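Below is one structure. I have some questions about it.
Since this is a predicted model, take the numbers as computed values, not measurements.
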Protein chains: 4
Amino acid sequence: MPDSSRRNESSRRAILTAAFDLVGEIGYAKLSIEGIAARAGVGKQTIYRWWPSKGAVLFDAFLMMSEGEAGELPDTGDLEADLKAVLRATIAELRDERYDLPMRALNSEMMHDAELARTYAERLDVPMREMKKARLRKAVEAGQLSDVDLDLAVDVIWSPVTVRWMNRSGPLTEEFADTVVETALAGLRP
Amino acid sequence: MPDSSRRNESSRRAILTAAFDLVGEIGYAKLSIEGIAARAGVGKQTIYRWWPSKGAVLFDAFLMMSEGEAGELPDTGDLEADLKAVLRATIAELRDERYDLPMRALNSEMMHDAELARTYAERLDVPMREMKKARLRKAVEAGQLSDVDLDLAVDVIWSPVTVRWMNRSGPLTEEFADTVVETALAGLRP
Amino acid sequence: MPDSSRRNESSRRAILTAAFDLVGEIGYAKLSIEGIAARAGVGKQTIYRWWPSKGAVLFDAFLMMSEGEAGELPDTGDLEADLKAVLRATIAELRDERYDLPMRALNSEMMHDAELARTYAERLDVPMREMKKARLRKAVEAGQLSDVDLDLAVDVIWSPVTVRWMNRSGPLTEEFADTVVETALAGLRP
Amino acid sequence: MPDSSRRNESSRRAILTAAFDLVGEIGYAKLSIEGIAARAGVGKQTIYRWWPSKGAVLFDAFLMMSEGEAGELPDTGDLEADLKAVLRATIAELRDERYDLPMRALNSEMMHDAELARTYAERLDVPMREMKKARLRKAVEAGQLSDVDLDLAVDVIWSPVTVRWMNRSGPLTEEFADTVVETALAGLRP
DNA sequence: CCATAACCGAGACGGTACGTCATGTCTTCCA
DNA sequence: TGGAAGACATGACGTACCGTCTCGGTTATGG
């Protein structure tokens, strides 16, 4: 097993940057370890030494890119407005090619790689979800939300956007974001 | 371009069956055109002649397998109970390895292949969605549902399960199905 | 197993020519299958499909180059003069870089590859040896040579040159050729 | 350049022993510097510091193994018998796998590495050849041998065995040794 | 009698080549 | 002519070594 204290940090960064950029440029299907190594000016073995799979490289690339990204969700006191703002921002990001392609690549890979999915959940999904739950918890305390399971609440609010993005099953508009929030909060019953 | 009237139907079926079975056995990553051809006892060219991509083969395999599957959703008059039954059935299917792996393969492929996603939407998603909307429309007519956009309603009810399946972000239990239906119908507000 | 009736003859020739030329240019140590394939404008698999080893390619390259080369050794009636002429010609060839390097490569490979050595013996050495023996046989019939085992006679006459070439254990001059022939014929005893 | 006074003798011996043993076990083709270093429990750099090439290591391994081996060839007064005994011993050694493989490796390497061949000639071949010439010289003095160039005599006597070993062009039997000696001494002419 | 310079083990690094596998195209031969 | 068979050029796979390099640690003088 490799001795990580001897690891060359600049190679690591070059690999992750190359991977992220290449996925955006040529797409996941054409992404190859050889391509990443060549672009990063690195031997293939240096990739194989430190990552078990292409997906793992991509995941670390994501981690690096989103490093120190978020802190917490906005809280203006108006829950509905805050959620709409966040969902609109998410949609804007998903419509940006620079994020869309790499995210599709990562999600696609997670689809068959359970281990990668687990790591993703732990390192990226859980922190994000905690932020979301924190905002909802404040709403519960303020009496603006019923005392449901917060994980479920997060699922109900964010899933429709995720699915529409993944499957391209409809247009990803800001109106969609707004209506989803309204419906999730109010429910479908009259 | 090939003349489909001369097409050998038994080769077509052998290819689709082989593709579906192989995805279940060895997973999508290791699935190859050569493997499908060998398993189907068919020349590679016969695959390349009739399908533009591996994803397209997989998709047709799906179509064949789900041929004449559904008609309509149950309607006992109790909307909540009916939706719970349907979602529980969906979950049961998603937990069955024989469906899980091929579905993951197809969804993963759709993630980067917009054309495939379009075809999927048209041939599989829209019909399914129409069934769901038909059931909801009856509920609206019965005054059990407010007069929201039915596509949105379908999204809100079915997306949480889809996302949890795709990302393995939590356990896919029947309780989850039930709670999602209850919450979607009632809303999050107190 | 490959079907040799479908074999592409022009690829075969390109590979053998490339192998022979490359060995002369860059030497055996730096000769690689990839290099041969690239130079020949051929896929690596096409080499691996038809030859079991680098040595086998080299050997076939030799066969092609020396195709239809010899018929028989000169016979002027003067055995000693004829043998000297043949050995001098051999030495001239061995001093020519274009033959020296590839021959060294082949001989070196034969050194550890018994199978290759067997093939070489059968296809190149035996025919050559038969030519030599034919000339010696005529000398025996003419009473110019004692009735020894002809294989042994060939060994005694040709080996000293071979060893000196292989091991560079001394200068490969025409004088050497002459003296070897004289000594072999006359013997070492006074 | 390295200071040989500080050289670690035990590492040197471990490397040479490992090299010699490995060549016997896995053959020259699969012999690697990494393998030698690992087997010897030594860093790769320690090999690169002291030897310019794999062949040089192998050569030193030979030197170490054959250290203090010979003194002189037997002299019973009967030249023919003595030469037969020596050649039979040589053949026995060449048929011993423990010597055959490493020797083939070394000879093969010398074939393309002129520098190595020069060193070999100087350090191993010349001493051996001197021993042989010394014995022949005594025979000349005793009037048992004509006054030919002794190097030539050595070539004529020993080369046939060497070539037959290298090229596997025939069986390496004791009869062969005997007949070669008889023929070389007596000559081919009736 | 320590300081300092070397050797040493270990092993990461940028590379090259390996031998295998799959791609998508093309050709041959059969029904 | 559609289809089974499979050779072909291409290119990525993951592995093995190459020869260089840097890292601590350990001798082993020489000031």
Side-chain angles (χ1 to χ4, degrees), chain A residues 1-8 10-12 14 30-38 40-50 52-54, chain B residues 2-8 10-12 14-15 30-38 40-50 52-54, chain C residues 1-8 10-12 30-38 40-50 52-54, chain D residues 1-12 14 30-38 40-50 52-54:
Chain A
M1 78 218 67
D3 172 357
S4 45
S5 75
R6 296 196 172 221
R7 186 164 185 180
N8 183 332
S10 76
S11 289
R12 184 182 155 271
K30 294 192 175 175
L31 182 69
S32 67
I33 299 278
E34 299 220 316
I36 297 172
V42 135
K44 278 198 290 177
Q45 203 59 37
T46 303
I47 299 183
Y48 286 111
R49 183 154 33 231
W50 301 109
S53 69
K54 206 162 64 177
Chain B
D3 171 359
S4 46
S5 72
R6 296 200 166 221
R7 186 163 186 181
N8 183 332
S10 77
S11 288
R12 184 181 156 271
I15 289 163
K30 295 193 174 174
L31 182 69
S32 66
I33 300 279
E34 300 222 314
I36 296 171
V42 135
K44 282 198 289 175
Q45 201 55 252
T46 305
I47 299 182
Y48 285 111
R49 189 159 20 233
W50 301 108
S53 71
K54 205 162 66 177
Chain C
M1 79 216 67
D3 172 358
S4 45
S5 74
R6 299 200 165 201
R7 186 163 186 180
N8 183 331
S10 77
S11 289
R12 184 182 156 271
K30 294 193 176 174
L31 183 68
S32 66
I33 300 277
E34 299 221 314
I36 297 171
V42 136
K44 281 199 287 177
Q45 202 60 34
T46 302
I47 300 183
Y48 285 112
R49 183 155 30 230
W50 301 110
S53 70
K54 204 161 65 176
Chain D
M1 82 210 61
D3 171 359
S4 47
S5 74
R6 292 193 169 226
R7 185 165 186 180
N8 183 331
E9 177 61 15
S10 77
S11 287
R12 183 182 156 272
K30 294 193 175 175
L31 183 68
S32 68
I33 300 279
E34 300 223 314
I36 297 171
V42 134
K44 280 197 291 175
Q45 201 56 251
T46 304
I47 299 183
Y48 285 111
R49 196 173 0 247
W50 300 109
S53 70
K54 204 162 67 175

**Asked** Between C:N8 (CG) and E:dT28 (P), how many Å, whole number?
**Response** 10 Å
**Message:** Taking the side chain as everything from C-beta on, heavy atoms only, tell me whether C:R12 gets closer than 4.5 Å to C:W50.
**Reply:** no
**Item:** Integer-rounded Å distance: F:dC17 P and D:I47 CD1
**Value:** 13 Å
**Residues that A:A40 engages under side-chain contact (heavy atoms from CB on, under 4.5 Å), provided they are two or more places apart** = A:A14, A:I15, A:A18, A:V42
**Fill in**
Sorted by chain and residue number, the side-chain hydrogen bond (donor to acceptor under 3.5 Å, both in side chains) partners of A:S4 (sequence neighbours excluded) come out as none
**Asked** Below 4.0 angstrom from OP1 or OP2 of E:dC8, is there any side-chain N or O of D:W50?
**Response** yes
**Item:** Short side-chain N/O contact from D:T46 to OP1 or OP2 of E:dC7, under 4.0 Å
**Value:** no
**Item:** Residue list, side-chain contact (heavy atoms from CB on, under 4.5 Å) with A:L31, at least two apart or on another chain
**Value:** A:L22, A:V23, A:Y28, A:I36, A:K54, A:L58
**Prompt:** Checking all strands, does A:R49 fall into the base, sugar-phosphate, or nothing category for heavy-atom contacts under 4.0 angstrom?
**Reply:** base
**Prompt:** For A:P52, which residues count as a side-chain contact (heavy atoms from CB on, under 4.5 Å) partner, sequence neighbours excluded?
**Reply:** A:A56
**Request:** Take atom CG of A:D3 and atom C1' of F:dG24, then tell me their distance rounded to the nearest Å.
**Result:** 11 Å
**5' precedence on DNA chain F between C:P2 and B:S11 (nearest-nucleotide basis)** = B:S11
**Message:** Quick check on DNA chain E: between A:A40 and D:G43, whose nearest nucleotide comes earlier from the 5' end?
**Reply:** D:G43
**Prompt:** With D:K44, which residues qualify under salt bridge (Lys or Arg N to Asp or Glu O under 4.0 Å), at least two apart?
**Reply:** D:E34
**Fill in**
note: C:I36, atom CD1; E:dA17, atom C1'; distance rounded to Å ~ 12 Å
Do any N or O atoms of the protein come closer than 3.5 Å to N or O atoms of nucleotides 23-27 of chain E, and which pairs are they?
| unit_1 | atom_1 | unit_2 | atom_2 | d |
| --- | --- | --- | --- | --- |
| E:dT23 | OP1 | B:I33 | N | 3.0 |
| E:dT23 | OP2 | B:I33 | N | 3.1 |
| E:dT23 | OP2 | B:E34 | N | 3.0 |
| E:dG24 | OP2 | B:Y48 | OH | 2.8 |
| E:dG24 | N7 | B:K44 | NZ | 3.2 |
| E:dG24 | O6 | B:K44 | NZ | 2.6 |
| E:dC26 | N4 | B:Q45 | NE2 | 2.2 |

**Request:** To the nearest Å, give me how far apart NZ (C:K30) and C1' (F:dC18) are.
**Result:** 12 Å
